[in-house]
Amino acid sequence: MTTAVIDNTNDNPRARSPLVLGDTSLTRVTDLVCSVYERPATRGWYIAFGISASLTLLLFAMIGYLFARGIGVWGLNHPVGWAFDITNFVFWVGIGHAGTLISAILFLFRQKWRTSINRSAEAMTIFAVACAGIFPLIHIGRPWLAYWLFPYPNQMAMWPGFRSPLLWDVFAVSTYATVSLLFWYMGMVPDLATMRDRATTRPRQIAYGLLSLGWRGSNRHWLRFEKAYLLLAALATPLVLSVHSVVSFDFAVSVLPGWHTTIFPPYFVAGAIFSGFAMVLTLLIPVRQIFGLKDLITPKHLDNMTRIILATSLMVGYSYAIEFFIAWYSGNSFELFAFLNRSLGPYWWAYWIMVTCNVIVPQVFWFKFFRSNTTAIFITSLLVNVGMWFERFVIIVTSLHRDYLPSSWGMFKPTAVDLLTMLGSFGLFFTLFLLFIRFLPFVAMAEVKSVMPHVLHEAGPTALGDYWGDAPRDHRAPDKGAH
Amino acid sequence: MADHSAPAAAAVPEVPVFWGYAAEFDSVTGVLHAAKECRDAGFTRWDVLTPFPVHGLNDAMGLRNTRLPWFVFGMGAIGFLTGNLMQWWMNAVDYRLIVSGKPFWSLPANIPVAFELTILFSALSAFFGMWVLNGLPRHYHPTLTSRRLKHATTDRFYVVVEAADPRFDRAKTREFLQSLGASHVEELED
C-alpha cells in the first residue's frame with residue numbers, strides 16, 4: 001500500500017508534501033483508524049495496561065497513605081515547602097499545553113498537518129491535566145477542605161482573596177480542563193458517528209450511538225459545527241497562554257530571588273509547549289509503529305514536531321541565559337546568589353541535567369539525519385521530558401532551599417512516597433491513554449479526510465464556513481435557510 | 001395527567017411511511033454539482049450528508065451563516081461582567097480583604113479570574129449553543145435507519161430530499177436526482 005511516497009520530508013517550498021501516504025481513498029482512512037480499536041488487543045497492550053494500571057493503583061495507595069498520615073510522609077520541611085508536589089503539577093500542566101497548541105493554535109494558523117495528530121494530542125492534554133489536578137489538591141494538607149478554594153457562600157461568611165495567584169490558578173486550570181474536554185469531545189462526535197455506523201456488536205452500537213449524539217453528517221450541522229470549532233480554537237488559544245502564565249505567577253508574584261522575575265510567563269509557556277511536544281512524540285512514535293499508522297502520522301509530521309521542539313528549546317535556553325544576565329545586571333546580590341547557587345550549589349547536578357536535556361540535546365534537530373531517525377527522535381523526546389521535569393524541580397527547590405538567612409537554610413530529600421507518587425502519576429497518564437487507544441477514535445478521521453489532496457482540489461472555490469480559509473470567495477448564493 | 005381515554009388509533013402506525021430520497025454520490029465534485037442543482041430547483045426541505053465538512057458546500061446549498069458567534073460573544077461579555085462583579089462584591093463589599101494595604105478593588109489583580117470566566121462562558125455557550133441550534137442530540141432520524149447511508153460517515157455523499165418538500169414529486173424527483181449523476185437513489189422510510 002505504501003509504495004507511492006515514502007519520504008515526504010522534502011524541504012522544497014514549491015512542492016506541497018502529501019499529508020497522507022499510500023492509498024489516499026476516504027475508505028482507507030476510516031479503515032486504518034478503526035483497525036486500531038477493531039482488532040483485538042494485543043498481548044503488548046495488555047502488558048502495558050497491566051503495568052500502568054498497577055502504577056495507578058500505587059498512586060491511589062500513596063494518596064491514601066498521605067491522607068492517613070499527613071504531609072510529613074513527603075520530604076517537605078522548612079524551608080522547602082514545595083517540591084515534588086508542585087513540580088509534578090507544573091510538569092503535567094505543561095505537558096497538556098502541546099495538545100492545545102496543536103488543536104487550537106495550529107488550526108488558526110491553517111497548519112493542515114495537525115489533522116493526523118490533533119486528536120491524540122488533545123487526549124494527552126486531558127489526561128495530563130487530570131494528573132496535574134491531583135497534586136494541588138493533595139498537597140494542601142487538609143484535602144477534604146479543598147472546596148474552600150472555590151468562592152461559595154458558607155457559614156463562615158468568608159470569601160477567598162482574589163489577589164492571590166494561587167486562586168487564579170484554581171480558575172485557570174479548571175477552565176482549561178473544561179474547555180479542553182469540550183473541544184476534544186466536540187471534535188470527536190463525527191468520528192464517534194463513524195464508529196457507531198461501523199459497530200458490529202450491540203454494546204458498541206449503543207455506546208457509540210449515545211456518544212455520537214445522533215450525528216448524521218448533515219451539512220447544515222457541519223456549518224455550525226465548524227463555526228463552533230473555530231470559536232473554541234480561538235478561545236483555547238489565549239486560554240492556553242494564560243494558563244501557564246498564571247502557573248508562572250504562582251512563583252513570579254512572590255518576592256523570592258529566583259522566582260520574582262518578569263520573564264516567567266513567556267518562559268513557562270515556551271517550556272510547556274516544548275515539554276508537551278516531547279510527550280506527543282514519546283506517545284506517537286510507538287503508537288504509529290504498533291498500530292500501522294505510519295501513512296497517517298508520516299515522517300513529515302515527526303519532522304515538523306522536531307522543528308517545533310528545536311525552536312522552543314532555543315526559547316527555553318534563551319530564558320535560562322537571560323535569567324543569569326539579569327541576575328548579574330540587576331546588581332541585586334540576593335538574585336545573583338540565587339542563580340550562582342542554582343548552577344553551582346548543592347543542586348548543581350539537577351541544574352546541569354536540565355541544561356543538557358533541554359538546551360544541548362535538542363540541538364541535534366538542526367540535522368536532517370536526526371529529524372528523520374525515529375529512534376533518535378524518541379530518545380531525544382524522553383530526555384526532554386526528563387529535562388523539563390528537572391527544570392521545574394530546579395526552579396522550585398533551589399530557590400527555596402537557601403533564602404536570605406543562612407541559619408534557615410536546608411536541603412530537600414525526596415522520600416519513597418514522593419517518588420512513588422510521581423511514578424504513579426505516570427501510571428495514571430498512560431492508563432488513560434491506553435484506554436483511549438482502545439475505545440475512542442485515535443485520529444480525527446473527518447479532519448484528515450478534509451485535507452486529502454484530491455478532496456482539496458475537487459472542492460474548488462468556497463467561502464462560507466470554509467474550513468481552512470484557503471480558497472477564494474466566488475459567488476454568493478441566494479439565502480435559504482440555515483440558522 | 002395525559003388523557004387516558006385517547007383512542008388506540010392515535011398510536012404510532014406500524015406501517016413505515018415514505019419519508020424521502022437519498023441520492024448517493026461518490027465524489028466531492030459530484031455532490032457539489034448536485035447540491036447547486038437542488039438549490040436552483042428550489043427545494044427547501046433537503047440536506048446533504050457528508051463524512052467531513054466539504055468546502056464550498058454551504059454556498060452550493062445556499063445556506064446562510066449561523067448566528068452562533070453572536071450568542072457566544074454575548075455570553076463571553078456576560079462572563080467578563082460576572083467575573084468582575086463577583087470579585088468586586090466578594091473582596092470589596094461583602095468581605096473586605098486587606099492585602100498589603102492595596103485598594104479593595106483595583107482591576108489589574110482581578111483580570112486573570114475575569115478573563116478565565118470570559119473564556120469559560122464563551123466556550124460553554126459555543127459548545128452547547130451549537131448542539132441546540134443543530135437540534136442534537138437526537139436519538140432517531142430517518143436517514144439513520146438505512147444501512148446504505150451508513151457510508152455517509154465514511155466515504156460517500158448523499159443528497160437527501162424530503163417528501164414533505166412542496167416541490168417533491170415521487171417520480172419526478174427521483175428522475176431529477178438520477179439525472180444529477182447519482183450512483184443510486186435510496187428510498188427512506190420513517
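All figures in this text were calculated on a predicted structure; none of them were measured in a lab. Heavy atoms only: backbone and side chains are in, while hydrogens, waters and symmetry mates are out. Lettering of chains follows the sequences in order, A, B, ..., and the numbering in each one begins at 1.
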Inset, instruction - Below 4.5 Å from any heavy atom of chain A, which atoms of B/Val48 appear? Answer side chain, backbone, both or neither. - result: both

Legend entry - Sidechain-backbone polar pair: A/Arg114 side chain, A/Ser103 backbone, donor-acceptor under 3.5 Å: yes

Inset, instruction - Heavy-atom distances under 4.5 Å only: say whether A/Leu239 touches chain B with side chain, backbone, both or neither. - result: both

Inset, instruction - Heavy-atom distances under 4.5 Å only: say whether B/Trp89 touches chain A with side chain, backbone, both or neither. - result: side chain

Legend entry - Contact class of A/Thr178 relative to chain B, heavy atoms under 4.5 angstrom: side chain

Inset, instruction - Sort A/Ala236 into side chain, backbone, both or neither according to what part of it lies under 4.5 angstrom from a heavy atom of chain B. - result: neither

Legend entry - Any donor-acceptor pair under 3.5 Å from A/Ser218 side chain to B/Leu49 backbone: no

Inset, instruction - Output the option from B/Ser106, B/Pro108, B/Ala123 having the highest count of non-hydrogen pairs under 4.5 Å with chain A. - result: B/Ala123

Inset, instruction - With a 4.5 angstrom heavy-atom cut-off, could you sort out which part of A/Pro165 is near chain B: side chain, backbone, both or neither? - result: neither

Inset, instruction - Could you look at B/Asp47 and say if it's the side chain, the backbone, both or neither that has a heavy atom under 4.5 Å from chain A? - result: both

Legend entry - Interchain contact, B/His141 with chain A, by part (heavy-atom threshold 4.5 Å): side chain

Legend entry - Backbone of B/Pro16 reached by a side-chain donor or acceptor of B/Asp190 within 3.5 Å: no

Inset, instruction - State whether the side chain of B/Ser146 and the backbone N or O of B/Pro142 hold a donor-acceptor pair below 3.5 Å, judged by distance alone. - result: no

Inset, instruction - Examine whether an atom of A/Leu232 lies under 4.5 Å from a heavy atom of chain B, and if so say whether it belongs to the side chain, the backbone or both; otherwise answer neither. - result: side chain

Inset, instruction - Go through B/Arg147, B/Met86, B/Arg156, B/His139 and name the one with the most non-hydrogen pairs under 4.5 angstrom from chain A. - result: B/Met86

Inset, instruction - Give the member of B/Pro69, B/Ala152, B/Ser100, B/Gly76 that has the highest number of heavy-atom pairs under 4.5 Å with chain A. - result: B/Pro69

Legend entry - Inter-chain contacts: residues 165-188 of chain B against chain A, heavy atoms under 4.5 Å: none

Inset, instruction - Using non-hydrogen atoms and a 4.5 Å limit, figure out which bit of B/Ser125 sits close to chain A: side chain, backbone, both or neither. - result: neither

Inset, instruction - Please look at B/Tyr140 and chain A and tell me whether the side chain, the backbone, both or neither of the residue comes under 4.5 angstrom of a heavy atom of that chain. - result: neither

Legend entry - Residue A/Trp159 versus chain B: region with a heavy atom under 4.5 Å: both

Legend entry - Side chain / backbone / both / neither for A/Val189 at chain B, heavy atoms under 4.5 Å: side chain

Legend entry - B/Thr143, part contacting chain A, at a heavy-atom distance under 4.5 Å: side chain

Legend entry - Option in B/Phe127, B/Phe128, B/Tyr158 with maximal non-hydrogen atom pairs under 4.5 Å from chain A: B/Phe127

Legend entry - Leading residue by heavy atom contact count with chain A [cutoff under 4.5 Å; candidates B/Leu144, B/Val31, B/Val160]: B/Leu144

